[in-house]
Number of protein chains: 2
Amino acid sequence: MRRMTARPANAHQARLLRLLRDGGPNSRAQLGDQVDLSRSKLAVEVDRLLETGLVVADGLAASRGGRRSHNIRLAPGLRFLGVDIGATSVDVAVTNAELEVLGHLNQPMDVREGPVAVFEQVLAMAAKLRASGLAEGFDGAGIGVPGPVRFPEGVPVAPPIMPGWDGFPVREALSQELGCPVMVDNDVNLMAMGEQHAGVARSVGDFLCVKIGTGIGCGIVVGGEVHRGVTGSAGDIGHIQVVPDGRPCACGNRGCLEAHFSGAALARDAEDAARGGHSAELAARLEGAGRLTAADVAAAASAGDATSLELIREGGNHVGQVIAALVSFFNPGLVVIGGGVTGLGHTLLASVRTQVYRTSLPLATGNLPIVLGELGQLAGVTGAARLISDHLFSPA
Amino acid sequence: MRRMTARPANAHQARLLRLLRDGGPNSRAQLGDQVDLSRSKLAVEVDRLLETGLVVADGLAASRGGRRSHNIRLAPGLRFLGVDIGATSVDVAVTNAELEVLGHLNQPMDVREGPVAVFEQVLAMAAKLRASGLAEGFDGAGIGVPGPVRFPEGVPVAPPIMPGWDGFPVREALSQELGCPVMVDNDVNLMAMGEQHAGVARSVGDFLCVKIGTGIGCGIVVGGEVHRGVTGSAGDIGHIQVVPDGRPCACGNRGCLEAHFSGAALARDAEDAARGGHSAELAARLEGAGRLTAADVAAAASAGDATSLELIREGGNHVGQVIAALVSFFNPGLVVIGGGVTGLGHTLLASVRTQVYRTSLPLATGNLPIVLGELGQLAGVTGAARLISDHLFSPA
DNA sequence: CGGCCTTTGTCCTGGGTGAGGAGAAAGTCG
DNA sequence: CGACTTTCTCCTCACCCAGGACAAAGGCCG
């Protein structure tokens, strides 16, 4: 099942591959406009790429006023596998070399079942996608896990919500199973890379990507590159204290952001409100389902339930408080909010914005968009594909 | 008074210049070990540098077992001017090309007197240093100002504590006056660069440098490079909220870190304590001087004054609270604390450490040193020299 | 003190690379 | 249909640079 053995031989070829990945099919002339190489040099490098099979001819380009140029594109048969392991579900997608998602599967699953069970599931999903004719094999795979990762080795380290994964050689194991190169990263970083590649963060060099799901994390992009920190735990903002002596948190402290607002906390609050008789809407849903989730709160809120709206607003304030601090510190050009609770949508966004614009200094917030992610569920898998393609499209 | 017109012609020469700057005089052979160039290529580049006069021969090196090598070093006559404009004082220093401080002057001065008055002062101090025979002229100057800077242009933007400087063309003006290239940056960033070059942060790629003076700021170094943010206001952590509905701050909000702990806040608290009869020690000092400063608190604390110790501890808790959040977010390899209040020393450090180690996650704090800066008053001017030398020792 | 080894520095050459000109091929526009 | 534009290929020439050969300079040991 080994497929793409070819790798760019030098930085020029790597550059060209990335241009083709990000810009789609392109004529040699257009490429020449972007890379500052002499025509002869460019021709040589393109010919070499054609030889490797990574790149193929793709008909004629439209004329720019003279002779029409021959288009080239990345090999249409290249396939990347993007895997996004969340706390409660798994996403697997197949992309082409331009990182367009060709097929996508989602499956509920508790990450605490451990790496072996999850891997089995992931491989089954990948096989299913392959069986449906989307891919004959994979040229590379990216995988995101909900916890810190020692990036160079691709191994989770001390992940609080998935203790069974500590030290499990994810990269090694998946590479063995799939027979292709694999890169591993934190799921939040992948979401950031996804939004950077195909979402709202295109053309922004420095931005933050806050993912609110079961937990809360933040992807940090500096100068176009993901910042992972010295131990791979950068962006772990879920345990920043937002309420002095607040609610007890699983981490042992009190008043952590995650304890006061996250998918899990929101569900708990909603159930409390339902049982306490504060919201008929929520009580009805609890009656129906036996338990509540963030999605129930979102639904209740859009049905006008005052309690749900208040819960969201309050949560938004807490997140906003942290984001405001991070904005002052980091001075990003954009803040993206995504993750499972984006269903809470504009109510959440509004209260986050209010809090940030009120608390941070004007110079930092003056031209700072705070927006929802564009890619939704596909952000993670797109980012995963981007991760492995960045790796493969770099000099060997 | 123009001096060094020469600039490295390519990246190799730039690399060599930086090696000589950071490592002092060096033999050709030693340089060869570090740069991965063929001996012939290296010889050519070194010869060219010798021709420009940037580099000079410096006798024979010790033998490494065979023929002795000829040492080379940066021209001993090269001089950089480092200027550090604080809120209440100005530091000016002369360094050689290895960024060793040859002479240093400090002068109390209120930055709010405006750029014209401050420039006059700075130029007078530079002239004095020159007159004392330390320099015949300057090959470049770096200058730090206590507020955000639009870095490429070298112009302060919307600085809260020095409104008169907004938009003043610092770089342009100083370059005119001194007749040499000038670079401008935030004073905190310069402190970080100073500690990176010659202080505790040598060999650390990602670290934070918290400067506690009249205000509070934080230098951010990512992958060896200072992160300035999209509008140059990164690291502006003085207005992060630490106490909900806390003390009113000059910025219009409440509970800002700066309002609860900084040189200015500490002095105010001390005076209140003295007047309120809580501390005989402080009252005596207030009696004597008519007002109190952070230095008085430091002195009282080391004399054992309980109130002062408590003030410092409380302040340390507030700073520690913010640093803990930043550590979770950024996952640095080192936190340096410096600035005027380092006189508070280990009492402060201890309470910051306690707070950080207690509040942040073990993975981020596990191997995280939190230390005082090594360079004291010289950090800023050293960083300023480093800034301009980085600029000059890069390909034209 | 004298051979032998190690290290350093210089010279030279051969392979490789890449910039840019010339010109052919392919289109557009009037 | 002809003049102009754009694209692409070929070719040449200058430059660069790695590495070998060799000379110079010094240490080490008997």
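So that the names make sense, note that chain A is the first sequence line, chain B the second, and so on, each numbered from 1.
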Roughly how many Å is it from [atom1] in [X] to [atom2] in [N], rounded to a whole number?
X      : N       : atom1 : atom2 : value
H12(A) : dG16(C) : NE2   : C1'   : 14 Å
N71(B) : dT8(C)  : CG    : P     : 12 Å
L42(B) : dC11(C) : CG    : C1'   : 16 Å
K41(A) : dT9(D)  : NZ    : C1'   : 17 Å
E45(B) : dG9(C)  : CD    : C1'   : 17 Å

Less than 4.5 Å apart, any side-chain heavy atom of [X] and any of [Y]?
X       : Y       : answer
Q13(B)  : P395(B) : no
F393(B) : I388(B) : no
L31(B)  : I72(B)  : yes

message = From C-beta outward on R28(A), which listed nucleotide comes closest to its side chain: dG19(D), dG9(C), dC8(D)?
response = dC8(D)

inquiry  = From the set dC17(D), dG18(C), dG9(C), return the single nucleotide nearest to any side-chain atom of H70(B).
reply    = dG9(C)

message = Please evaluate residues R28(A) and D47(A) with respect to the criterion salt bridge (Lys or Arg N to Asp or Glu O under 4.0 Å), reporting the C-alpha separation (whole Å), side-chain torsions for both, the decisive distance (0.1 Å), and the verdict.
response = CA-CA 11 Å; R28(A) 294 155 121 97; D47(A) 284 347; 3.1 Å; yes

ask   = Which angle, to the nearest 10 degrees, lies between the helix axes at the two ends of the helix from dC1(C)-dG30(D) to dG30(C)-dC1(D), each defined by five pairs?
value = 20°

request  = Could you walk me through whether R386(B) and D390(B) pass salt bridge (Lys or Arg N to Asp or Glu O under 4.0 Å), step by step?
outcome  = CA-CA 6 Å; R386(B) 161 83 184 221; D390(B) 268 351; 3.2 Å; yes

Close N or O pairs between protein and nucleotides 21-29 of chain D (under 3.5 Å):
residue	atom	partner	partner atom	Å
dA24(D)	N3	R67(B)	NH1	3.0

message = Ring-plane angle category for F330(A) and H227(B), please: parallel below 30°, perpendicular beyond 60°, tilted otherwise.
response = parallel

task = Determine, stepwise, if the pair N96(A) / L78(A) fulfils side chain to side chain contact (heavy atoms under 4.5 Å, CB included).
result = CA-CA 6 Å; N96(A) 60 12; L78(A) 288 176; over 6 Å; no

inquiry  = Go through it in stages, so that I can follow the logic: the residues are R130(B) and F138(B), the test is side chain to side chain contact (heavy atoms under 4.5 Å, CB included), and I'd like the CA-CA distance, side-chain angles, deciding distance and then a yes or no.
reply    = CA-CA 9 Å; R130(B) 211 164 49 204; F138(B) 301 110; 3.9 Å; yes

message = Quiz question: by atom type and distance under 3.5 Å, do the side chains of S389(B) and R21(B) form a donor-acceptor pair?
response = yes

Donor-acceptor pair between Q30(A) and N71(A) side chains, under 3.5 angstrom = no

Sort me out a list of protein N/O and nucleotides 1-3 of chain D N/O pairs below 3.5 Å, or just none if empty.
none

request  = Step by step, work out the side chain to side chain contact (heavy atoms under 4.5 Å, CB included) result for L387(A) and V184(A).
outcome  = CA-CA 8 Å; L387(A) 175 69; V184(A) 186; 6.0 Å; no

ask   = Taking only N and O in the side chain of S69(A), is any of them less than 4.0 Å away from OP1 or OP2 of dC8(D)?
value = yes

task = Let me know, please, whether L37(A) or Q30(B) comes out on the 5' side of the other along DNA chain C by nearest nucleotide.
result = Q30(B)

